[in-house]
Colleague: 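Below: one structure in structure tokens.
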Amino acid sequence: MLDIKHPPPVTVTVTRDRAPAVTVTALVKESMHPPPSDTTNASEKANAAFVILTRNKDLKSLRETLIQLEDRFNRRYHYPYVFLNNEPFSDEFKEKIASVVTGECQFGLIPHEHWSYPDYINQTKAAEVRDDMKRRKIIYGDNESYRHMCRYESGFFFRHQLMDQYKWYWRVEPGVKFGCEIDYDPFMFMEKNNKKYGFTITIKEYVQTIPTLWNTTLDFMKKNKDMVPASNLMEFVTGKDGGYNLCHFWSNFEIGSLDFLRSKEYLA
């Protein structure tokens, strides 16, 4: 039998400047990834706000999201929130939302013309197309409200008067989770590094939902060559044959420059 001598246990003494964790789970998280102090110097802040498109019925899920967002990030920075709805917010919604955040809250009503059909749209034909997509079981095929939402997020939220005072935005969705500490200011990072847009998820698009998108995009680029920078993301979204590879980013989580969205290039 071998006589194996094990080394003596190593004792590590940890000195903390803050109060010790009060639960085992918190202690484990603290030892693996110590969160920054609540006294982080956040005096240098961007002119930015969280923007949230939501409805009264989202109250419970949105409160849970905001509690996590405050705990993981905004308790140190106190950035303001802009809540937008195509229907008036209830007093209960406003009170219960404001009670869980540290930043100023502003609640806005979306103008009807931003959440409806443009005059040039044939609504009869649009309804027929939705019915056809429903029959073919295409995702969101017959969802009219979803289309209004996509149109609004792409072309109108940054035109709301409550957004006029800001230069940066961070889109937040009701029900999302923030599981990790965000120990730096993404707004300031983007501002200092001349970044205009940030996203987190890219997946393949449902090709049935975008039958004309790629050709329309190429046509626009040909007609507006002066708006296409030499350094761009064409390689990111095209395959070896030069065609669209169906890669797209989800805008559900995005941080971006409002000056860019207001630019003539974006609005062209």
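Basis for what follows: all heavy atoms, side chains included, without hydrogens, waters or symmetry-related copies.
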Colleague: So do the side chains of Tyr197 and Ser251 get within less than 4.5 Å of each other, counting heavy atoms only?
Modeller: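 They are in contact (side-chain heavy atoms under 4.5 Å apart), so the answer is yes.
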Colleague: Give, for atom NZ of Lys137 and atom CD of Gln208, the distance between the pair rounded to the nearest 0.5 Å.
Modeller: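 Atom-to-atom, Lys137:NZ and Gln208:CD are 13.5 Å apart.
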Colleague: Enter the distance from Lys125:NZ to Asp132:CG here, rounded to the nearest 0.5 Å.
Modeller: 12.0 Å
Colleague: Compare every heavy atom of Tyr266 with every heavy atom of Phe260, then report the nearest pair and how far apart it is.
Modeller: O-CB, 3.4 Å
Colleague: So, do Trp170 and Asn74 sit near enough that their side-chain heavy atoms are less than 4.5 Å apart?
Modeller: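 No. Closest side-chain heavy atoms not under 4.5 Å.
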Colleague: Report yes or no: does Asp142 contribute a side-chain atom to a donor-acceptor pair with the main-chain N or O of Lys134 at less than 3.5 Å?
Modeller: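 Absent.
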Colleague: If you compare all heavy atoms of Pro118 against all heavy atoms of Arg151, which two are closest, and at what distance to 0.1 Å?
Modeller: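 Of all heavy-atom pairs spanning Pro118 and Arg151, the closest is CG-NH2, 3.2 Å.
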Colleague: Going by heavy atoms in the side chains, are Phe50 and Pro80 under 4.5 Å from each other?
Modeller: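 Contact flag for Phe50/Pro80 side chains = no.
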Colleague: Would you give the length of the straight line joining atom OH of Tyr244 to atom OG1 of Thr217, rounded to the nearest 0.5 angstrom?
Modeller: 8.5 Å
Colleague: Is Lys45 reaching over with its side chain to a backbone N or O of Tyr77, donor-acceptor style, under 3.5 angstrom?
Modeller: yes
Colleague: Could you check whether Glu87 pairs with Lys57 (Lys NZ or Arg NE/NH1/NH2 to Asp/Glu carboxylate O, under 4.0 Å)?
Modeller: no
Colleague: Around atom CZ of Phe220, are there more than 12 heavy atoms from other residues, nucleotides or ligands closer than 6.0 Å?
Modeller: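 Buried by this count: over 12 neighbours within 6.0 Å.
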Colleague: Check this for me: does any side-chain nitrogen of one of Glu153 and Arg171 sit under 4.0 Å from a carboxylate oxygen of the other?
Modeller: yes
Colleague: Decide if atom CD of Glu113 counts as having more than 12 heavy atoms of other residues, nucleotides or ligands within a radius under 6.0 Å.
Modeller: yes
Colleague: How close do Val176 and Glu173 get, heavy atom to heavy atom, and via which atoms?
Modeller: CG2-O, 3.1 Å
Colleague: Distance from Asp91 atom CG to Asn56 atom CG, nearest 0.5 Å?
Modeller: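 Asp91 CG to Asn56 CG: 10.0 Å, rounded to 0.5 Å.
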Colleague: Just verifying a value: how many Å separate Arg72 CZ and Ile182 CD1, rounded to the nearest 0.5 Å?
Modeller: 9.0 Å
Colleague: Do Tyr79 and Phe187 have ring centroids that are under 6.0 Å from one another?
Modeller: yes
Colleague: For residues Asn85 and Trp115, determine if any side-chain heavy atom of one lies less than 4.5 Å from a side-chain heavy atom of the other.
Modeller: no
Colleague: Between Tyr140 and Tyr206, is the gap from one ring center to the other below 6.0 Å?
Modeller: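 Not close enough - the centres of the two rings lie 6.0 Å or further apart.
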Colleague: I'd like to check Glu64 versus Ile67 (side-chain heavy atoms, cut-off strictly below 4.5 Å). Are they in contact?
Modeller: no
Colleague: Transitively linked via ILVMFWY side-chain contacts under 4.5 Å: Tyr146 with Ile210?
Modeller: yes
Colleague: Does the side chain of Phe93 come within less than 4.5 Å of Arg55's, by heavy atoms?
Modeller: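 No, their side chains stay 4.5 Å or more apart.
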Colleague: To check you understand the geometry: which heavy-atom pair defines the closest contact between Tyr117 and Ile121, and what is its length?
Modeller: CD2-CG2, 3.7 Å
Colleague: Answer yes or no: is there a side-chain heavy-atom contact under 4.5 Å between Leu267 and Phe158?
Modeller: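 Yes, side chains in contact.
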Colleague: Has His248 got a side-chain atom pairing as donor or acceptor with Ile203's backbone, closer than 3.5 angstrom?
Modeller: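 Yes, His248 side chain to Ile203 backbone: donor-acceptor pair under 3.5 Å.
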Colleague: Could you tell me whether Asp131 and Arg135 have a side-chain N and a carboxylate O separated by less than 4.0 Å?
Modeller: no
Colleague: I'd like to check Phe178 versus Phe73 (side-chain heavy atoms, cut-off strictly below 4.5 Å). Are they in contact?
Modeller: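 Side chain of Phe178 against side chain of Phe73, heavy atoms only: no contact under 4.5 Å found.
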Colleague: If only atom types and distance count, is the side chain of Asn193 paired as donor or acceptor with the main-chain N or O of Lys195 below 3.5 Å?
Modeller: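 Between the backbone of Lys195 and the side chain of Asn193 there is no qualifying donor-acceptor contact (under 3.5 Å).
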